[in-house]
**Q** 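Okay, handing you the structure first.
Because the structure is predicted, anything quoted here is derived from the model rather than measured.
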Amino acid sequence: MSPGPRKVAVVGVALSDCGRVDTATPYALHAQAARRALADSGLGKGVIDGLASAGLGTLAPLEVGEYLGLRPTWVDSTGVGGSTWEVMAAHAADAIAAGHADAVLLVYGSTARADLKAGRRRANLSFGTRGPAQFEVPYGHTLVAKYAMAARRHMHQYGTTLEQFADVAVQTRANATRNPLAMYRDPITVDDVLGGRMIADPFTTLHCCIRSDGGCAVLLAAEEYVADTAKPPVWVLGAGTAVSHTTMSEWDDFTVSPAAVSGRLAFERAGVTPQDIEVAELYDAFTYMTLVTLEDLGFCAKGEGGAFVAGGRLLIGGELPVNTDGGGLSACHPGMRGLFLLVEAVRQLRGEVEAGRQVRKGDGRLPRLAVASGTGGWFCSSGTVVLGRD
């Protein structure tokens, strides 16, 4: 009889310098995050035989691997936007469980803010004009406009209000005030959000993610390495991935994201329910994303997201702490932010973040279960990972 699949743990996590980083290249941020994650794990560089990278260079894993001095025998360069890292984590966990790799490094770095400031790129993100995109691009249908249309549909269909969307930004900022590394920490109000400059109706500036520089890294390893790690393991309990559309005309329902599928798969494979989750790190390029992802992951029924976020439920001391670092709306958003969700979830489960933003239950104990759910494109893709500690 062949042995069963190996258990997989997150054994190292780290951020590079984040926020305003004017003097580093994206490669340097990759290297800084990778070194820090390896140091966090307590393992040597030689254990890494897998590398997952996207968003940099023409051949991301090759170029990044060469820069880091790695010669991996397992690679992944999946590119599905912000959910890339949860999808890659699922791939890496499967590979490790099957014995195709022993330790896989997921690493990301971007100087999106610095590049814009220096004129090396423009503010608007273009996905090109070929293929299906050719039918939308001529009409100026930007990424933010797609989300704005979807938000309006949710408002029309379920009575969700602008104030409820704004409350997501307010609570996320409140969490950011406790994070010394967050880019924006001044408290905001619902009126501040509603009174901001219009970006794409109904989104004003504070409904939208910030633009920053930064990078991070996550090291996953097989269970036999855990005895040699510097910190307690955080186990990958289950993961799910899903894609739905790329053109708006092929999106069956603007109020449903592929997290409805990836979340169900992740929870089923982990053997837990949404009600068991104690910390949720969700992709939040826009306030609407947080609200709809909460619905689609099963934390509340479809159409009830607006009511669900009320009453401070998303705050660090709330019923379901969400985006405890301040999220993409306030802490950092250098591009494909999904890897940051995994870093924050692991740190919360380990109990190693600042005391003021550490999630604790009513009896003072640390959380045992967390979910990280990334979104790509305009709700085109989703990856959801359930994490747990012993």
**Q** What distance separates Glu304 CD from Leu294 CG, expressed to the nearest 0.5 Å?
**A** 12.5 Å
**Q** Please report the C-alpha distance between Leu282 and Leu297 in whole Å, then the side-chain angles of each, then the deciding distance to 0.1 Å, and finally whether the side chain to side chain contact (heavy atoms under 4.5 Å, CB included) criterion is met.
**A** CA-CA 10 Å; Leu282 311 179; Leu297 292 180; 3.7 Å; yes
**Q** Using every non-hydrogen atom in the two residues, find where Arg389 and Leu366 come nearest and quote the distance to one decimal.
**A** NH2-O, 3.1 Å
**Q** Going by the angle between their ring planes, with limits at 30° and 60°, are Tyr67 and Tyr27 parallel, tilted or perpendicular?
**A** tilted
**Q** Taking CZ in Arg365 as the centre, count heavy atoms belonging to other residues, nucleotides or ligands within less than 6.0 Å. Is the count above 12?
**A** yes
**Q** Could you pull out the closest heavy-atom pair between Asp284 and Gly327, with the gap in Å?
**A** OD2-CA, 3.6 Å
**Q** Have Thr189 and Asp191 got a donor and an acceptor in their side chains that come within less than 3.5 Å?
**A** no
**Q** With a 4.5 Å cut-off on side-chain heavy atoms, are Asp167 and Leu314 touching?
**A** no
**Q** With a 4.0 Å cut-off on N to O distance, would you call Arg173 and Asp192 a salt bridge?
**A** no
**Q** Return yes if some donor-acceptor pair links the side-chain N/O of Asp49 with the main-chain N/O of Asp102 below 3.5 Å, else return no.
**A** yes
**Q** Do Trp378 and Val144 sit in the same hydrophobic cluster, where Ile, Leu, Val, Met, Phe, Trp and Tyr count as joined when their side-chain heavy atoms come under 4.5 Å apart?
**A** yes
**Q** Indicate yes or no: does Arg152 engage Asp201 in a salt bridge with an N to O separation below 4.0 Å.
**A** yes
**Q** Restricting to non-hydrogen atoms, name the atom on His30 and the atom on Leu56 that form the minimum distance, rounded to 0.1 Å.
**A** CE1-CD2, 3.4 Å
**Q** Checking salt bridge (charged side-chain N to carboxylate O under 4.0 Å, His left out) for the pair Arg313/Glu319: CA distance, chi angles, key distance, verdict?
**A** CA-CA 5 Å; Arg313 184 178 260 116; Glu319 187 176 326; 3.1 Å; yes
**Q** Taking atom CD of Gln164 and atom OG1 of Thr287, what is their separation to the nearest 0.5 Å?
**A** 11.0 Å
**Q** Check Pro274 against Gly298 and note the closest heavy-atom contact, atom names and distance.
**A** CB-O, 3.7 Å
**Q** When you look at Val218 and Val346, which way does the side chain to side chain contact (heavy atoms under 4.5 Å, CB included) test go after all the steps?
**A** CA-CA 9 Å; Val218 170; Val346 168; 5.9 Å; no
**Q** In the single-linkage hydrophobic clustering (I, L, V, M, F, W, Y; side-chain heavy atoms under 4.5 Å), do Leu342 and Met336 co-cluster?
**A** yes
**Q** Whether the side chain of Ser110 engages the backbone of Pro334 through a donor-acceptor N/O pair (distance < 3.5 Å, no angle test) should be reported.
**A** yes
**Q** As an exercise, state the distance from CD of Glu354 to OG1 of Thr324, rounded to the nearest 0.5 Å.
**A** 10.0 Å
**Q** Side chain to side chain contact (heavy atoms under 4.5 Å, CB included) for Val168 and Val322? Distances and angles first, verdict last.
**A** CA-CA 10 Å; Val168 172; Val322 172; over 6 Å; no
**Q** For His100, does its backbone N or O pair with a side-chain atom of Trp74 as donor and acceptor, under 3.5 Å?
**A** no
**Q** Does one side chain, of Asn175 or Thr172, offer a donor that lies under 3.5 Å from an acceptor on the other?
**A** no
**Q** What I want to find out is whether Glu66 reaches Arg71 closely enough, with some N-O distance under 4.0 Å, to be called a salt bridge.
**A** no
**Q** Does Leu15 offer a backbone N or O that forms a donor-acceptor pair with the side chain of Arg36 under 3.5 Å?
**A** yes
**Q** Return the CZ to OG1 distance between Phe165 and Thr204, rounded to the nearest 0.5 Å.
**A** 12.0 Å
**Q** Has Lys45 got a side-chain atom pairing as donor or acceptor with Leu68's backbone, closer than 3.5 angstrom?
**A** yes
**Q** If only atom types and distance count, is the side chain of Glu278 paired as donor or acceptor with the main-chain N or O of Arg368 below 3.5 Å?
**A** yes
**Q** Any chance the rings of Tyr147 and Phe203 have centres within less than 6.0 Å?
**A** no
**Q** Is the backbone N or O of Met248 less than 3.5 Å from a side-chain atom of Glu136, with the two atoms forming a donor-acceptor pair by type?
**A** yes
**Q** Please tell me if the side chains of Thr384 and Val371 come closer than 4.5 Å, counting only heavy atoms from C-beta onward.
**A** yes
**Q** Would a hydrophobic clustering, with Ile, Leu, Val, Met, Phe, Trp and Tyr connected at side-chain separations under 4.5 Å, put Val343 with Val8?
**A** yes
**Q** State whether the side chain of Arg185 and the backbone N or O of Thr177 hold a donor-acceptor pair below 3.5 Å, judged by distance alone.
**A** yes
**Q** With side chains defined as the heavy atoms from C-beta onward, is the minimum distance between Leu106 and Leu220 less than 4.5 Å?
**A** yes
**Q** List the steps and the verdict of side-chain hydrogen bond (donor to acceptor under 3.5 Å, both in side chains) for Ser83 and Ser381.
**A** CA-CA 7 Å; Ser83 64; Ser381 65; 2.7 Å; yes
**Q** Between His154 and Phe254, is the gap from one ring center to the other below 6.0 Å?
**A** no
**Q** Are the charged groups of Asp40 and Arg350 less than 4.0 angstrom apart, N to O?
**A** yes
**Q** Is the count of non-hydrogen atoms from other residues, nucleotides or ligands lying under 6.0 Å from Glu163 atom CD greater than 12?
**A** yes
**Q** When rounded to the nearest 0.5 angstrom, what distance separates CG in Leu62 from CG in Leu51?
**A** 9.0 Å
**Q** Is any side-chain heavy atom of Val279 less than 4.5 Å from a side-chain heavy atom of Leu387?
**A** no
**Q** Given side chains that start at C-beta, do those of Met155 and Thr161 come closer than 4.5 Å, heavy atoms only?
**A** no
**Q** Between Lys302 and Glu295, does at least one N-O distance fall below 4.0 Å, as a salt bridge requires?
**A** yes
**Q** For Asp22, I'd like to know if atom CG has over 12 heavy atoms of other residues, nucleotides or ligands within 6.0 Å.
**A** yes
**Q** Could you state whether Val309 and Tyr288 fall into the same hydrophobic cluster, counting links through intermediate Ile, Leu, Val, Met, Phe, Trp or Tyr residues with side-chain heavy atoms under 4.5 angstrom apart?
**A** no
**Q** Identify whether NZ of Lys or CZ of Arg in Arg337 sits under 6.0 Å from the centre of the six-membered ring of Tyr283 and within 45° of that ring's axis.
**A** no
**Q** Quick one: closest heavy-atom pair of Ala285 and Leu329, and the distance?
**A** O-CD2, 4.3 Å
**Q** Could you pull out the closest heavy-atom pair between Gln134 and Pro138, with the gap in Å?
**A** O-CD, 3.1 Å
**Q** Transitively linked via ILVMFWY side-chain contacts under 4.5 Å: Met183 with Leu181?
**A** no
**Q** Between the main-chain N or O of Asn179 and the side-chain N or O of Arg357, is there a donor-acceptor pair closer than 3.5 Å?
**A** no
**Q** When you compare the side chain of Ser382 with that of Ser373, does any pair of heavy atoms fall below 4.5 Å?
**A** yes
**Q** Measure the shortest side-chain to side-chain distance between Val261 and Pro258 over non-hydrogen atoms and say whether it is less than 4.5 angstrom.
**A** no
**Q** For the residue pair Glu86 and Thr241, establish whether any side-chain heavy-atom pair is separated by less than 4.5 Å.
**A** no
**Q** Could you tell me whether a side-chain N or O of Asp253 sits under 3.5 Å from a main-chain N or O of Thr255, the two making a donor and an acceptor?
**A** yes
**Q** Between atom CG of Leu369 and atom CD of Gln348, what is the distance when rounded to the nearest 0.5 Å?
**A** 13.5 Å
**Q** Between Asp296 and Ser257, is there a side-chain donor-acceptor contact under 3.5 Å, judged purely by atom types and distance?
**A** yes
**Q** Decide yes or no on side chain to side chain contact (heavy atoms under 4.5 Å, CB included) for Lys146 and Thr142, but give the supporting numbers first.
**A** CA-CA 6 Å; Lys146 296 173 193 287; Thr142 62; over 6 Å; no
